[in-house]
Number of protein chains: 2
Amino acid sequence: MFKIKPKISDVAKAAGVSPTTVSRVMNKRGYISEETRQKVYDAMKKLNYIPNDLARSLYNKRSNLIGLIVPTTANPFYGELTARIEHFCALAGLKVLLCNSLHNAEKEAHYWEMLRRNQVDGVIVCTYNRGLIDVSEQMPTVAFDHYLSSGIPVISSDNYAGGELAAATLIEAGCKNIVHINGPAELETPANLRRNGYEAVMQRYGLPAMTYEIRSVLSQAEAEAAICALFDQQPQMDGVFASDDSIALKVIQEVRRRNKRVPEDVKVIGYDGTEFVRQHVPELTTIKQPMITMAETAVQILIQQIEQPEKALEKEYVHSIELVRGNSV
Amino acid sequence: MFKIKPKISDVAKAAGVSPTTVSRVMNKRGYISEETRQKVYDAMKKLNYIPNDLARSLYNKRSNLIGLIVPTTANPFYGELTARIEHFCALAGLKVLLCNSLHNAEKEAHYWEMLRRNQVDGVIVCTYNRGLIDVSEQMPTVAFDHYLSSGIPVISSDNYAGGELAAATLIEAGCKNIVHINGPAELETPANLRRNGYEAVMQRYGLPAMTYEIRSVLSQAEAEAAICALFDQQPQMDGVFASDDSIALKVIQEVRRRNKRVPEDVKVIGYDGTEFVRQHVPELTTIKQPMITMAETAVQILIQQIEQPEKALEKEYVHSIELVRGNSV
DNA sequence: CTGAAAGCGCTTACAG
DNA sequence: CTGAAAGCGCTTACAG
C-alpha cells in the first residue's frame with residue numbers, strides 16, 4: 001500500500017556511482033566533481049530519496065532527538081512552554097519527543113527509560129522527580145524551575161523578585177491582609193522563592209505574612225474546596241498573591257461567588273502570564289515569566305552540554321520578570 | 001563525562017553467552033533454558049543495560065514513532081488534544097514527535113520531511129495543509145477535523161449537530177438576531193458543517209442567518225478589531241455563536257467593553273469546551289467536543305492503518321457533542 | 001536449547 | 001576525485 005523507500009544504494013545505482021559517493025554528496029564532505037554531484041542530485045530527485053535518520057543516528061551516535069518531560073500540555077502554561085521549546089529546538093535541528101508525566105513518578109521513570117532507549121541527546125525536564133538524580137548523570141539535562149540534583153542547571157524566572165513585586169503591588173494598592181497561596185514548602189522548587197520574596201516584603205512593611213499551601217496534585221475540585229476554606233478562615237482578606245494564574249482565576253471566581261468584587265473588595269495577582277491568559281483574561285494582573293527567553297535559554301544550555309561538555313555551567317539561569325497590569329489589583 | 005552505554009555484546013560477554021541468546025531473552029523469542037535466561041537478566045541488571053531502539057527500529061522497519069502536527073500547543077485546545085493523543089500513544093507503546101506548524105505551509109513541509117527521515121510509522125495531522133496530498137500517500141495518516149485528501153480518514157466531532165444545538169440553544173433562550181462567527185468557507189473543513197447546522201436551524205425558525213467569517217490566521221489584535229466591527233455593524237445583535245471558545249471569550253470581552261451584559265443583552269455560546277476553559281471560565285456556555293474519545297479514536301485508527309493496512313477505513317469518524325451550560329446564554 | 005553469519009541503511013577511514 | 005570494506009547495535013533465518 002505504501003511505497004517502498006529508496007535507499008542510498010538505489011540512488012548510487014541510478015547515478016552510476018558508489019554508495020560512498022552518494023553519502024559524500026549528501027553530507028557535502030570531501031572532494032566531488034561537479035559532474036558527479038549533479039548526477040547524484042538528479043538521481044536523488046528522480047527517486048524521491050529521503051535519507052534514513054535512524055541509520056545515520058546509529059552510526060553517528062548523535063540522534064538530534066531530545067526528550068521533553070512536562071506535567072501535561074493540557075495546562076496552558078506547559079502547552080505554551082512546550083511550543084516555545086519545540087520552536088527553538090526546530091531552529092537548532094533538534095526533534096522533540098514529548099512526554100506528559102502527569103506528575104506520576106512511575107510514568108516519569110518509564111519515560112526516562114524510553115528516552116534513553118531512543119538515544120536522545122538530552123532532556124529538558126519541567127517536573128519534579130526524585131528518582132531522577134542517578135539517571136540524569138548519564139545524559140545532558142536541563143531542569144525548568146525545579147532543583148533536581150546538584151549537577152543539573154536550572155532555568156527559572158526571578159522568583160524572589162517576582163514574589164517581592166507581587167507583594168509590593170498589592171500593598172501599594174492599599175491591601176492590609178494579603179494571603180499568598182503556594183505549593184508545599186518541602187518541595188525545594190525555585191517557586192518557593194516567590195514565597196520568600198513575598199514574606200520579606202510583608203515584613204518590611206510590618207504586615208503579617210500568611211502563606212497557604214495547596215498541593216498541586218489536588219484535583220480541581222479539591223483546589224476549589226481549599227480556596228473556599230481559605231475565604232472562610234480569612235474573612236478580612238483583601239489581597240491574594242496566587243502562585244500561578246490558574247489559582248488566581250479560581251480565587252477570582254470564588255470572590256464573585258461570594259458576591260464580592262475584584263478589585264474593590266479583594267485584589268488578586270497571579271504568576272506566569274501565559275499568552276492565553278493575557279489574551280483571554282486581560283483583567284488579571286499578574287507577574288509574567290519571560291517564557292520565550294526561558295525556552296531559548298533551556299535549549300541553548302542543553303545544546304551547550306551536548307556539544308561542549310567541557311564548558312562550565314551555571315547552577316541557575318535566572319530570567320527577570322515583569323508586572324502585567326490588568327484590573328484585578 | 002557521561003557513561004559509555006553497554007551494548008548487547010557486553011551483556012553477552014558478561015553472561016557468557018552469544019549476542020543472539022541475549023537478544024532472544026530480551027525479546028522472549030524461541031526456547032531458552034531458565035538458567036541461561038537468569039544469567040542474561042543478571043548481566044543486564046549488573047551492566048544497567050538499556051537496548052538501543054534506533055538499532056532495533058532500523059532492523060525491524062518499525063520505529064514505533066509517530067508524528068503529531070498541530071498549529072501550536074500554546075493554544076489550550078491543541079495543548080489538551082496533544083496531551084490526550086500522547087496519552088493514548090504511550091499506552092500503545094508509541095512515541096510522539098511533536099511538530100508545531102503555526103499554520104505555516106513551509107514549516108509543515110519541513111516537518112513532513114523530518115518525520116519521514118525519522119521513519120515514523122504514521123502521522124496525526126491537526127492542521128490544514130494543501131501540499132499534504134502526495135506525501136501522505138506514502139504513510140499512514142489520520143486527520144483531525146480537516147479534509148486532507150480522499151484517502152485520509154478524518155476524526156471530528158459532530159459539527160453539524162453542534163451547529164444546530166448552538167443555534168437552537170440561543171433561540172430557545174429568546175435570541176432573535178443571532179450571528180455566527182466562523183472561519184472562511186473556502187477551507188473545506190468539517191468545522192464549516194457547524195455553519196450549515198446553524199443556518200439550517202435559523203431557517204427552520206424563520207430567522208435570518210448571518211455568518212461572519214474571520215480568518216483564523218488573523219493576529220489577536222486583528223481578531224479583536226474584526227469582532228469590534230461586527231458589533232458596530234450589528235447593533236441589534238442579541239446572540240453570538242462563536243466557532244470556538246477563544247473567539248467566544250473575545251466576544252464576551254467586547255460585550256463588557258461596551259457596557260452591556262452577558263447574557264442579559266447579548267448571549268454567547270462557544271465551541272470546543274476544553275478542560276481549561278470549563279475549569280477557569282465556567283460561565284461560558286459551549287458545545288463540548290469529546291476530546292478524550294476523539295484522541296483515542298485518532299490513535300486507534302492510526303494503529304489500524306499501521307498494523308492492518310488491508311482493513312477498510314471509514315472516511316470520517318464522527319463523535320457526538322454535548323452542551324455545557326454556563327451562564328453566558 | 002544455542003551460536004555464527006548476514007543484514008537493516010548509513011558513514012568513514014583507508015586505499016587507489 | 002572515487003570505491004571496497006568495516007562497523008554503528010540490533011535481529012533473524014539457518015545450522016547444529
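So that the names make sense, note that chain A is the first sequence line, chain B the second, and so on, each numbered from 1.
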Strictly distance-based, threshold 3.5 Å: is any side-chain N or O of B/T36 a donor or acceptor partner for the main-chain N or O of B/I32? no
Sugar-phosphate atoms are those with a prime plus P, OP1 and OP2; base atoms are the rest. Using that split, label each nucleotide of nucleotides 8-16 of chain D B, S or - for protein heavy atoms under 4.0 Å, 5' to 3'. BBSBBB---
Side chain of B/N118, backbone of B/V120: donor and acceptor closer than 3.5 Å? no
Any side-chain N or O of B/T21 below 4.0 angstrom from OP1/OP2 of C/dG3? yes
Main-chain N/O of A/S101 paired with A/H103 side-chain donor or acceptor, under 3.5 Å: no
Exam field: side chain A/T297 to backbone A/T293, donor-acceptor pair closer than 3.5 Å: yes
Is it true that B/E316 and B/S156 share a donor-acceptor pair across their side chains at a distance under 3.5 Å? yes
Expected output check: what is the dot-bracket annotation of DNA chain C, where ( ) and [ ] are pairs inside the strand (brackets for crossing ones), | is paired with another strand, and pairs are Watson-Crick or G-U under 3.5 Å? |||.||||||||.|||
Please confirm whether A/F276 and B/F276 have ring centers closer than 6.0 angstrom. yes
Take B/I292 and B/H87 through the side-chain contact (heavy atoms from CB on, under 4.5 Å) test and state the conclusion after the steps. CA-CA 10 Å; B/I292 296 182; B/H87 169 76; over 6 Å; no
Trace of the side-chain contact (heavy atoms from CB on, under 4.5 Å) decision for A/D53 with B/Q119: CA-CA 7 Å; A/D53 272 1; B/Q119 314 302 116; over 6 Å; no
Lys/Arg N to Asp/Glu carboxylate O, B/R62 vs B/E307, below 4.0 Å: yes
So, the side chain of A/E80 versus the backbone of A/M291: is there a donor-acceptor pair under 3.5 Å, distance only? no
Give me the residues of residues 31-41 of chain A where at least one heavy atom lies under 4.0 Å from an atom of DNA chain C, by number, or none. none
